Amino acid sequence: MTPMSQPSEALGWRSVADLVGHHPDAPVALIGAPLNERSLTPGRCDLGPKTLRAVLPRLSTYDVETGLELEIKVHDAGDVALKAVSPFDSFEPVRDAVAAQAHRALTILVGGNNAITRPGVHALGLDRVGVLTLDAHFDLRDTDQGLTNGNPIQALLDDGMDGRRISQVGLAPFANTRRAHQKAEAAGISVRTARECRQRGLESVVVEELERLSSLCDVIYVDFDIDVIDRSQWPASPGARPGGVSVHDFFDAARAIGACPKVRAVDLTEYDPSLEVGDLGSLTAGRWFCEILAGVAAR
């Protein structure tokens with residue numbers, strides 16, 4: 001009998017954390033972007049990268065539903081130094097951090113508030129990139145009062161991005177304005193509501209938008225603003241509302257996105273660990289990370 005103090009290899013726990021470390025040749029990179037300044041609702045989104053890394057030892061590399069064993073190494077490129085840094089001043093350091101990993105199959109950028117999305121998109125090249133957002137909100141607030149987590153999509157339009165190369169999925173009722181909706185339509189943005197995602201399936205809607213963007217763009221950037229999830233399943237974002245997408249559908253969509261070869265960077269934004277109920281938020285974010293890796297494994 002194997003002594004209790006020396007567990008057998010068969011009973012050992014291989015976690016997703018074992019895949020993450022200093023792996024210069026890894027196909028995937030992880031970057032923390034703990035940006036918190038100019039959030040419309042004050043909070044602690046800056047704790048997101050640290051909390052995500054801390055939960056990874058609790059997640060196995062094995063998917064019992066599909067038989068998949070995750071083997072993909074992830075190069076941890078550390079955090080961008082963003083303490084007390086504004087969205088305007090964070091642009092170059094975040095853009096450059098993502099661009100430095102552009103030779104990999106995928107870069108995972110963990111925020112931090114939604115203002116990290118704009119520099120992440122620029123890192124892939126504004127003239128060749130398409131943007132898919134999973135978000136309850138348009139993020140089309142005016143930029144005349146400066147950059148915030150409420151206007152990264154408007155800022156990209158201001159930068160000259162063609163709205164036809166933007167898809168917004170999961171938009172929630174009574175969480176946006178008529179003006180924002182009209183701005184999106186006028187810009188040519190593809191608008192897909194939370195109701196449509198429930199009726200047709202979030203994964204199906206996401207795959208349609210990935211195919212649409214793939215026909216227009218060389219590469220795709222995906223913003224997972226996690227407040228798109230129903231608030232009963234995701235309380236750890238101030239913008240999450242009842243009636244959002246289900247966490248199960250969110251995970252399926254994440255895997256489909258990870259599997260798309262043209263997706264070269266994704267971010268996770270608006271996760272505020274200070275709003276945690278138990279460890280629901282961290283385990284959800286950790287599972288999202290696993291689903292992204294599972295998608296990449298299917299490429």
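Hydrogens, waters and symmetry mates play no part in the numbers below; they use all other heavy atoms, side chains included. Predicted model, so just to flag it, every value in this text is computed and none were measured.
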Revision key, fill the gap. Separation between CG (D223) and CD1 (I226), nearest 0.5 Å, reads 11.0 Å

Point to revise | Check: R44 side chain, P273 main-chain N or O, donor-acceptor pair, under 3.5 Å | key: no

Check your understanding: Can you check whether A240's main-chain N or O pairs, donor with acceptor, with S237's side chain at less than 3.5 Å?
Key -> no

Exercise for review: Compare all side-chain heavy atoms of S39 with those of N149 and state whether any distance is below 4.5 angstrom.
Suggested key: yes

Practice item. Report the distance from atom CZ of R165 to atom CD1 of I220, rounding to the nearest 0.5 Å. Key: 11.5 Å

Practice item. Say whether R212 and S167, considering side chains only, have a donor N or O and an acceptor N or O under 3.5 Å apart. Key: yes

Exercise for review: Walk me through it: do T177 and Q182 pass the test side chain to side chain contact (heavy atoms under 4.5 Å, CB included)?
Suggested key: CA-CA 9 Å; T177 65; Q182 291 172 338; over 6 Å; no

Review point. Between N176 (side chain) and A136 (backbone), is there a donor-acceptor pair under 3.5 Å?
Key: yes

Check your understanding: Between V110 and L124, is there a shared hydrophobic cluster once you connect ILVMFWY residues whose side-chain heavy atoms come closer than 4.5 Å?
Key -> no

Exercise for review: Applying side chain to side chain contact (heavy atoms under 4.5 Å, CB included), run through V247 and T284 and close with a yes or a no.
Suggested key: CA-CA 8 Å; V247 72; T284 301; 3.8 Å; yes

Exercise for review: Go through the steps for V85 and E37 under the test side chain to side chain contact (heavy atoms under 4.5 Å, CB included), then give the verdict.
Suggested key: CA-CA 6 Å; V85 175; E37 297 300 309; 5.6 Å; no

**Study point:** Cluster check I72, L268: I/L/V/M/F/W/Y, side chain < 4.5 angstrom
**Key:** yes

Exercise for review: Can you measure from CG (L140) to CG (L157) and round to the nearest 0.5 angstrom?
Suggested key: 6.0 Å

Review point. Stepwise, does the side chain to side chain contact (heavy atoms under 4.5 Å, CB included) test hold for H248 with Q233?
Key: CA-CA 10 Å; H248 306 93; Q233 297 178 309; 4.0 Å; yes

Exercise for review: Treating Ile, Leu, Val, Met, Phe, Trp and Tyr as nodes and any side-chain heavy-atom pair under 4.5 angstrom as an edge, say whether L52 and L59 lie in one connected cluster.
Suggested key: yes

Practice item. Decide yes or no for L30 and R53: does some side-chain heavy atom of the first lie under 4.5 Å from some side-chain heavy atom of the second? Key: yes

Point to revise | Side chain K73, main chain D25, donor-acceptor under 3.5 Å | key: no

Check your understanding: Side chains of M161 and V129: does their closest heavy-atom pair fall under 4.5 Å?
Key -> yes

Check your understanding: Considering all heavy atoms of both residues, which atom of V94 and which atom of G120 are nearest to each other, and what is their separation?
Key -> CG1-N, 4.4 Å

Exercise for review: Apply the side-chain contact (heavy atoms from CB on, under 4.5 Å) test between I189 and each candidate in V131, T133, I166; give the one that qualifies.
Suggested key: I166

Check your understanding: Measuring from C45:SG to E270:CD, what's the distance to the nearest 0.5 Å?
Key -> 4.5 Å

Exercise for review: Considering non-hydrogen atoms only, spot the tightest contact between L106 and V296 and give its length.
Suggested key: CD2-CG2, 3.7 Å

Review point. Going by atom types only, do N151 and T143 share a side-chain donor-acceptor pair under 3.5 Å?
Key: no

Review point. If you measure only the distance, is there a donor-acceptor pair under 3.5 Å linking the side chains of H137 and N114?
Key: no

Check your understanding: About how many Å separate CD1 of I108 and CG of L293, when rounded to the nearest 0.5 Å?
Key -> 5.0 Å

Exercise for review: Using atom types as modelled and distance alone, determine if a side-chain donor or acceptor of R200 lies under 3.5 Å from a backbone N or O of V205.
Suggested key: no

Review point. Within the side chain of R164, is there an N or O that forms a donor-acceptor pair under 3.5 Å with the backbone of G188?
Key: no

Check your understanding: Which pairs, with at least one residue in residues 102-112 and sequence neighbours excluded, count as a side chain to side chain donor-acceptor pair (under 3.5 Å)?
Key -> Q101-R104

**Study point:** Test item: P119 and V98 side chains (from C-beta on) under 4.5 Å apart, heavy atoms
**Key:** no

Review point. If you look only at pairs with a residue in residues 80-96, which of them pass as a side chain to side chain donor-acceptor pair (under 3.5 Å), with sequence neighbours excluded?
Key: S86-D89

**Study point:** Pairing of R118 and D158 as salt bridge, 4.0 angstrom limit
**Key:** no

**Study point:** Check: A81 main-chain N/O paired with D79 side-chain donor or acceptor under 3.5 Å
**Key:** no

Check your understanding: Does atom CZ of R14 have more than 12 heavy-atom neighbours, drawn from other residues, nucleotides or ligands, at distances under 6.0 Å?
Key -> yes

**Study point:** Which atom of T148 lies closest to which atom of P152, heavy atoms considered
**Key:** O-CD, 4.0 Å

Point to revise | Residue among F251, Y271, F224 satisfying ring-ring contact (aromatic ring centres under 6.0 Å, His included) with W288 | key: F224

**Study point:** Side-chain (R141) to main-chain (L147) donor-acceptor, under 3.5 angstrom
**Key:** no

Check your understanding: Heavy-atom distance under 4.5 Å between the side chains of F289 and V20, does that happen here?
Key -> yes

Review point. Do D142 and R179 come within less than 4.5 Å of each other through their side chains, counting heavy atoms only?
Key: yes

Exercise for review: Using distance alone, with no hydrogens and no angle criterion, decide if S282 and D279 have a side-chain donor and acceptor under 3.5 Å apart.
Suggested key: no

Practice item. Kindly give the heavy-atom pair with the smallest separation between G170 and C197, and that separation in Å. Key: N-SG, 3.9 Å

Point to revise | Verify same cluster id: F88, L82 (apolar side-chain graph, 4.5 Å) | key: no

Exercise for review: Search all heavy atoms of F138 against all heavy atoms of A184 and return the closest pair with its distance.
Suggested key: CE2-CB, 3.7 Å

Review point. Do Q168 and D135 touch side chain to side chain, with heavy atoms closer than 4.5 Å?
Key: no

Check your understanding: Is D230 salt-bridged to R198, going by a charged N under 4.0 Å from an acidic O?
Key -> no

Check your understanding: Is H75 reaching over with its side chain to a backbone N or O of H23, donor-acceptor style, under 3.5 angstrom?
Key -> yes

Check your understanding: Within a radius of less than 6.0 Å around CZ of R299, do more than 12 heavy atoms belonging to other residues, nucleotides or ligands occur?
Key -> yes

Check your understanding: Going hydrophobic residue to hydrophobic residue with side-chain gaps under 4.5 angstrom, can you get from V245 over to L171?
Key -> no

Practice item. Could you tell me whether the side chain of V28 reaches within less than 4.5 Å of the side chain of I292, counting heavy atoms only? Key: no

Review point. Say you draw a straight line from NZ of K183 to CD1 of I153; how long is it, rounded to the nearest 0.5 Å?
Key: 11.5 Å

Review point. Considering all heavy atoms of both residues, which atom of I31 and which atom of A97 are nearest to each other, and what is their separation?
Key: CD1-O, 3.3 Å

